[in-house]
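Before any comments, here is the structure.
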2 protein chains.
Amino acid sequence: MSWRKEQRRAERGYHHGNLKEALLQAALGLIAEKGAAGFTFADAARMAGVSPAAPYRHFRDRDELLSSIAQRGFEQFEARLTAAWDDGRPDTVTAFERVGKAYLAFAREEPAFYSAMFESGLPVDANPALMAAGERAFGVIRAAAERLAALTPPGTPRPPAMMMALHIWSMSHGVASLFSRGDAARRKLPMSPDELLEAEVLIYLRGLGFPIERRPTTKTAEPPPVPPEASSGSASSPGGTSGPWGKLK
Amino acid sequence: MSWRKEQRRAERGYHHGNLKEALLQAALGLIAEKGAAGFTFADAARMAGVSPAAPYRHFRDRDELLSSIAQRGFEQFEARLTAAWDDGRPDTVTAFERVGKAYLAFAREEPAFYSAMFESGLPVDANPALMAAGERAFGVIRAAAERLAALTPPGTPRPPAMMMALHIWSMSHGVASLFSRGDAARRKLPMSPDELLEAEVLIYLRGLGFPIERRPTTKTAEPPPVPPEASSGSASSPGGTSGPWGKLK
DNA sequence: GGCTCATGTAAAAGCCGTTCACATGAGCTG
DNA sequence: CAGCTCATGTGAACGGCTTTTACATGAGCC
């Protein structure tokens, strides 16, 4: 019955060699499976083949492991947002849209990180490193908003970039939390979360004075804001998703 | 040492008389204090002065108690949104703004309910009654969006009301989750969550073609969209909060 | 007055987080 | 290579939580 543990130990010796990393990986899998709340320190230890007390050599407590994962999550999040922004290429609005998509994609594809980052109830402000990592991720959005704000058409007042960034963040986060995760994703929607967010952002930008076309067919001087690869996984809108609400009504 | 328990029992007899309600109230307080994750079935029992097994006579398990609270929360949420909407009085845009404010106010003033509703990780779709209650609350936003959509100025295409409702919901939820709750509320912001959401919604509506003034001073035919009572608790914008971004920049 | 059944209790099993004394062996030092 | 040290892992134990089970109580009804 317990030969398994002996076997494990025979395979790897008394010392694990890379327990910290193994625990992080195990936790990541467990959180993805059962959520940040359901994740268990003991389970992670079991999965790594060590005793329940072993993790305490690498993390002060369960929360510190969770924080470590959240921090890694923010770092990967920042990297993905930065890649999506691509310094505003090929044009600012297109890149901006891509950042929003990347936000949703991250929430969808990295549920464990997302969960640790936003749904674990961790005291963010108690951990400076964690807060800084989150700040850096938000910095990508803010930088993009700054570039976008500088682009407001002449004649229209220039919105504060910080406010724009906070608006975009709240839209992305709202859509991700409500429609792009877990059970909520199964809600009946007239459009995909990606399309929903895209329309939302485009309408918002038009409200700021940006010349966004109202229908997929009519175009302005700017190139179409959605690159081809972004249409993957989208069930509706065969006419394209470049307008604020595609072919809907 | 244990005379307390005896005393309790002496006060109320062997049977509690209203344990279910007492447990719900106790849980509400505990969740407000320590979050939905930190709340404990045993604690609620202790607070009600009964043994740890007693709650099982009224709730299948801890999750069912949590679900009950979430359901009540959605009902109160719906009531508050309905009151804020006030059937679109005195004008549609004003009432619409008030609904957004009510969303944030609920998140702020009823942290326990909000926590159970949106942060507890409950399997919403597994509980039809809970899902229905949530649907009814969202119905208020949808109804408001329908009225607003019917008001789009002539010449501009009419947006799908459902999409508008989802957009408004995601904005409200995003702002509430990120800036209006717990530690996140302590983040340094250039404006209050209320102002942030108000500006966001107004810019969005302008993007849909609604004639929203760009500055507090310039007015259109519609009355100012913010009633006096809404400015309470707002630290900045002495010039009023009626413009999409007040006196900022 | 006596029955019944909803409601509460005590005890126990199984899990988890956390701590502590102790075991192991990797790597340095001479 | 011998021996020492210290990081890393173990086992046992404590208290707390959830949930189940057998038993106790007494409110309401005939």
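Proteins get letters first, then strands, A, B, ... in listed order; numbering begins at 1 in each.
- Comparing A:Leu19 and B:Asp61 by the nucleotide of DNA chain D that holds the closest heavy atom to each, the one mapping nearer the 5' end is A:Leu19.
- Within the structure, a side-chain polar atom (N or O) of B:His58 is placed less than 4.0 Å from OP1 or OP2 of C:dG8.
- For the OP1/OP2 pair of D:dT18 and a distance below 4.0 Å, the side-chain nitrogens and oxygens of B:Arg62 include at least one atom meeting the criterion.
- What separates OH of A:Tyr56 from C1' of D:dA13 is a distance of 14 Å, to the nearest Å.
- With B:Phe118 as the partner, the ring-ring contact (aromatic ring centres under 6.0 Å, His included) test is satisfied by one option alone out of B:Phe74, B:Trp169, B:Phe106: B:Phe74.
- As a whole-Å value, the separation of B:Lys20 NZ from C:dA6 P is 14 Å.
- Taking only side-chain nitrogens and oxygens, A:Thr40 never comes nearer than 4.0 Å to OP1 or OP2 of C:dC15.
- Atom pair A:Glu64:CD and C:dT18:P shows a separation of 11 Å (rounding to whole Å applied).
- Within the 4.0 angstrom heavy-atom criterion, only backbone atoms of the sugar-phosphate kind lie near A:Ala42; the bases stay farther away.
- Checked against the 6.0 Å centroid criterion, the rings of B:Phe77 and B:Tyr103 qualify as a close aromatic pair.
- Atoms NZ (B:Lys34) and P (D:dG16) sit 12 Å apart, rounded to a whole Å.
- Between the CG atom of B:Leu66 and the P atom of D:dT18 there is a distance of 11 Å, given to the nearest Å.
- Checked against A:Lys101 for a salt bridge (charged side-chain N to carboxylate O under 4.0 Å, His left out), the options A:Glu198, A:Glu195, A:Glu109 give a single hit: A:Glu198.
- Rounded to a whole Å, the CG atom of B:Asn18 is 18 Å from the P atom of C:dA6.
- At a threshold of 4.0 angstrom between heavy atoms, the contacts of B:Phe41 are confined to the sugar-phosphate backbone, with no base atom among them.
- Rounded to whole angstrom, the span from the CG atom of A:Leu65 across to the P atom of C:dC16 amounts to 15 Å.
- A residue-by-residue look at A:Arg57 and A:Asp43 shows that A:Asp43 has its nearest nucleotide of DNA chain C further toward the 5' end.
- B:Gly38 comes within contact range of no nucleotide atom at all, as no heavy-atom separation falls under 4.0 Å.
- Note: B:Phe41 and B:Phe39 have perpendicular aromatic rings, judged against thresholds of 30 and 60 degrees for the angle between ring planes.
- Contact of the A:Arg80 side chain with the A:Gln76 side chain is not registered, since no non-hydrogen atoms from C-beta on lie closer than 4.5 Å.
- For A:Phe59 and C:dT18, the CZ to C1' distance is 16 Å, given to the nearest whole Å.
- A:Arg46 has no side-chain polar atom (N or O) that falls below the 4.0 Å cut-off from OP1 or OP2 of C:dC15.
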